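Sharing a structure with you now.
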Amino acid sequence: FMEAGVPSNTFSKIYTLIESELLPPAMALRSHETTYDKEMQSYTGKQMVKGGIIGFGTESNHEKKVLQMVKQGAQLQRNVDLKAGQVKDQINAMLARYNIMATVALESRRLVKYSSKQKQANTALDVVG
């Protein structure tokens, strides 16, 4: 930044913007993922069969909760993605006069291949900065 003539207060504004705008939704997503992982550790023991009853209408509340958590996880991920785009745009507006352009840093993460019908495992891209 210094080589391009960007003042230190602009760097501070960028850092504060990331810390105040992008970090909170990212932390909410990470917290949710941790909770979801804990729920999945005991998932099979809590599903469908309750008190020996099997059949229509016996779905456990736990199964419904897991589906709701998946939906919420997707929304939290979307929040991070949208906020990353907004923050990047604001940073680019600050840096335009110095001919510097910011981009969103992504990290690849291989997803588990759950189906034999999949040709290969999918890849997730996580916003990391």
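Quantities reported herein were computed from a predicted structural model and do not represent experimental measurements. Scope of the values below: all heavy atoms of this structure, side chains included, with no hydrogens, waters or symmetry mates. Counting from 1, the numbers follow the sequence of the chain as shown.
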Keeping the roles fixed (side chain from Gln75, backbone from Lys71), state whether a donor-acceptor pair exists under 3.5 Å. no

Between the side chains of Lys38 and Gln41, does any donor sit under 3.5 Å from an acceptor?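 No, Gln41 and Lys38 have no side-chain donor paired with an acceptor closer than 3.5 Å.
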
Are side-chain heavy atoms of Leu125 and Glu107 found at a separation under 4.5 Å? no

Close side-chain approach of Leu17 to Leu22, heavy-atom, < 4.5 Å: no

Rounded to the nearest 0.5 Å, what separation is found between the OG1 atom of Thr123 and the CZ atom of Arg109?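 So the OG1 of Thr123 and the CZ of Arg109 are separated by 10.0 Å.
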
Apply side-chain contact (heavy atoms from CB on, under 4.5 Å) to Leu29 and Asn79, showing your working. CA-CA 9 Å; Leu29 173 61; Asn79 292 351; over 6 Å; no

Stepwise side-chain contact (heavy atoms from CB on, under 4.5 Å) test for Leu95 and Ile14: CA-CA 10 Å; Leu95 296 176; Ile14 291 170; 3.9 Å; yes

Any side-chain to backbone donor/acceptor pair from Thr16 onto Ser12? Under 3.5 Å, distance only. yes

Are any side-chain N or O atoms of Asn92 and backbone N or O atoms of Ala102, one a donor and one an acceptor, separated by less than 3.5 Å? yes

Would you confirm whether Thr10, through its side chain, and Val6, through its main-chain N or O, come within 3.5 Å as a donor-acceptor pair? no

Heavy-atom closest pair, residues Pro7 and Tyr98: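 Scanning both residues, the minimum pair turns out to be CD-OH, 3.0 Å.
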
Applying the 4.5 Å side-chain criterion to the ILVMFWY set and letting contacts propagate, would Met69 and Met40 be lumped into a single cluster?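 They do share one cluster, since a chain of ILVMFWY contacts under 4.5 Å joins Met69 to Met40.
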
Donor-acceptor check, side chain of His32 to backbone of Leu76, threshold 3.5 angstrom: yes or no?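 No, because the side chain of His32 does not come within donor-acceptor range (under 3.5 Å) of the backbone of Leu76.
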
Do Lys113 side-chain atoms and Gln118 backbone N/O form a donor-acceptor pair below 3.5 Å? yes

Applying side-chain contact (heavy atoms from CB on, under 4.5 Å), run through Val128 and Leu106 and close with a yes or a no. CA-CA 6 Å; Val128 294; Leu106 302 172; 5.8 Å; no

Looking only at heavy atoms, what is the nearest atom pair of Ile100 and Ala4, with distance?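 Smallest heavy-atom distance, with atoms named: CD1-CB, 3.4 Å.
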
Does the side chain of Ile91 reach to within under 4.5 Å of the side chain of Ile18, using non-hydrogen atoms?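 With C-beta onward as the side chain, the pair touches.
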
Please report the C-alpha distance between Gln86 and Leu82 in whole Å, then the side-chain angles of each, then the deciding distance to 0.1 Å, and finally whether the side-chain contact (heavy atoms from CB on, under 4.5 Å) criterion is met. CA-CA 6 Å; Gln86 280 185 331; Leu82 290 170; 5.9 Å; no

Report yes if some heavy atom in the side chain of Arg30 is under 4.5 Å from a heavy atom in the side chain of Met27; otherwise report no.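 Counting from C-beta outward, Arg30 and Met27 never come under 4.5 Å.
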
Exercise: identify the closest heavy-atom pair between Lys13 and Met94: CB-SD, 4.1 Å

